[in-house]
Amino acid sequence: MTGGDGLRPDTVAVRSGRGRDSGGALAPTIVTTTTWASDSVDEAHRKARRPRSPEFYSRFGNPGVQSFADAVAELEGADAGVCFASGMGAISSTILALCSQGSHVVAQRQLFAATHQLFTGVCARFGIDVTLVDGTDADAIEAAVIPGRTQVVFVETPANPVMAVVDLARIGAITGPITVVDSTFATPVVQRPLEIPGIDLVVHSATKGLAGHNDATLGVAVGERELIDWIWGYSTIHGATASPFDAWNGMRGLRTLGIRVRRQCETAQQLAEVLDDHEAVVAVHHPGLPSHPQAAIIARQMELGGGCLSVDLRGGLEAGRIFVESLELAHLAPSLGGPETLVTHPATMTHASMTPEDRAAGGIGDGLVRLSAGLEHPDDLVADVVQALDAVGASATVV
Ligand SMILES: *Cc1c(COP(=O)(O)O)cnc(C)c1O
């Protein structure tokens with residue numbers, strides 16, 4: 001599988017997003033103006049009518065912001081892209097651009113927590129009906145679609161936090177609704193959903209692996225030009241406009257996407273294998289492990305296992321607490337895909353707003369911790385994780 005022009009994503013990441021006039025500058029440039037002067041009424045009119053106009057008014061577009069969107073579009077093999085102020089900006093704008101009162105959405109139950117809140121809270125308030133189903137059950141997703149009424153099928157794969165994988169070929173085969181894939185956990189180095197027939201849109205929290213340095217809050221949606229133009233039109237009203245500075249950081253981060261993501265995938269794989277063998281561990285969830293329940297689907301749609309894994313620790317909440325507090329290299333912080341290895345405890349952090357029943361339905365136990373592999377040396381991380389697991393094991397023996 002390759003990106004635009006048959007080039008590998010690592011190469012596309014270095015070459016893409018350079019279409020705009022940068023005077024030969026190789027590093028990304030930043031334009032901070034919020035408005036652009038026109039020479040005539042006709043010129044101003046042209047700029048005002050042009051989707052994602054990069055030189056009219058900053059809520060409509062910005063050259064550097066659009067370069068980042070173009071680069072991600074090229075990486076995903078899409079016609080067009082549009083940037084947002086965050087991943088949630090991209091997801092909320094996409095859903096609210098495509099749906100109206102009375103629309104029906106089918107989404108998987110295993111979702112990023114704020115996306116889950118959008119579907120269960122906000123959509124309900126606006127009369128958008130959402131059916132949540134188990135994303136690992138493609139038959140259930142298909143069965144939940146109401147012909148002529150379901151407007152959007154929304155999936156996230158691999159999904160937060162137990163790395164549940166959705167069969168994208170089955171989602172693409174559903175005719176009628178617009179199919180949207182949150183591919184944040186993968187990045188285009190790991191999977192490119194738009195290469196699968198019938199997938200219409202890919203959204204990312206570029207805050208994570210795409211920008212990759214924990215220094216930009218950014219979102220992006222890519223797909224067919226007409227759909228992106230429509231979402232962009234709504235986005236000028238919704239107003240979750242990406243900042244030029246974040247897009248500039250994002251563009252700079254994107255240049256090293258290939259080398260960063262490949263290293264994180266290798267490290268995550270190594271950590272998953274070490275954890276899998278430890279007595280303090282009940283289960284390890286990582287798409288790169290042969291024991292992953294959807295290994296056959298993973299082999300078809302993912303080139304690598306991704307940089308995240310989660311671990312069920314024996315001993316519940318207390319074990320989770322001892323583990324994350326015993327880690328010396330990994331930081332206890334939300335987010336993923338950056339240079340620093342991060343650990344989260346979903347039950348008390350990212351998924352604390354969910355009810356315990358919803359958490360349990362998503363496989364999120366009290367002893368579950370999620371790791372996002374950073375760019376530290378893998379041997380140092382393995383040693384850190386093993387000493388933290390030993391601390392969990394020792395406490396269990398004492399009790
Ligand atoms: C972080 C994340 C989001 C939301 O992105 P923000 O940039 O934090 O708004 C959406 N989906 C997934 C899978 C994420 O990890």
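Note that ligands are numbered from 1 as they come in the structure, with each ligand's atoms numbered from 1 the same way.
- No hydrogens or angles considered: a donor-acceptor pair under 3.5 Å links the side chains of T184 and D182.
- Salt bridge R52/D229: present, at least one basic N to carboxylate O contact under 4.0 Å.
- The ligand atoms of ligand 1 that sit less than 4.0 angstrom from a heavy atom of F185 are 13 (C), 15 (O).
- Residue contact annotation: L111 has no non-hydrogen atom under 4.0 Å from ligand 1.
- Residue contact check for ligand 1: N160 places no non-hydrogen atom closer than 4.0 Å to it.
- Neither M163 nor F112 shares a network with the other; the hydrophobic side chains, linked directly or stepwise wherever heavy atoms of I, L, V, M, F, W or Y lie under 4.5 Å apart, form separate groups for each.
- On a distance-only criterion, T217 and ligand 1 share no N/O pair closer than 3.5 Å.
- Comment: R192 engages E303 in a salt bridge, judged by a side-chain N to carboxylate O separation of less than 4.0 angstrom.
- At a 3.5 angstrom cut-off on N or O pairs, T115 does not count as close to ligand 1.
- Between G87 and ligand 1, at least one pair of N/O atoms sits closer than 3.5 Å.
- Counting the atoms of ligand 1 from 1 in the order shown, those under 4.0 Å from a heavy atom of I91 are 10 (C).
- Listed by number with element, the atoms of ligand 1 under 4.0 Å from a non-hydrogen atom of T207 are 7 (O).
- Taking the six-membered ring for Trp and thresholds of 30 and 60 degrees, Y234 and H238 have ring planes inclined between 30 and 60 degrees apart.
- Judged by distance alone, the side chains of Q270 and E266 never bring a donor and an acceptor atom under 3.5 Å apart.
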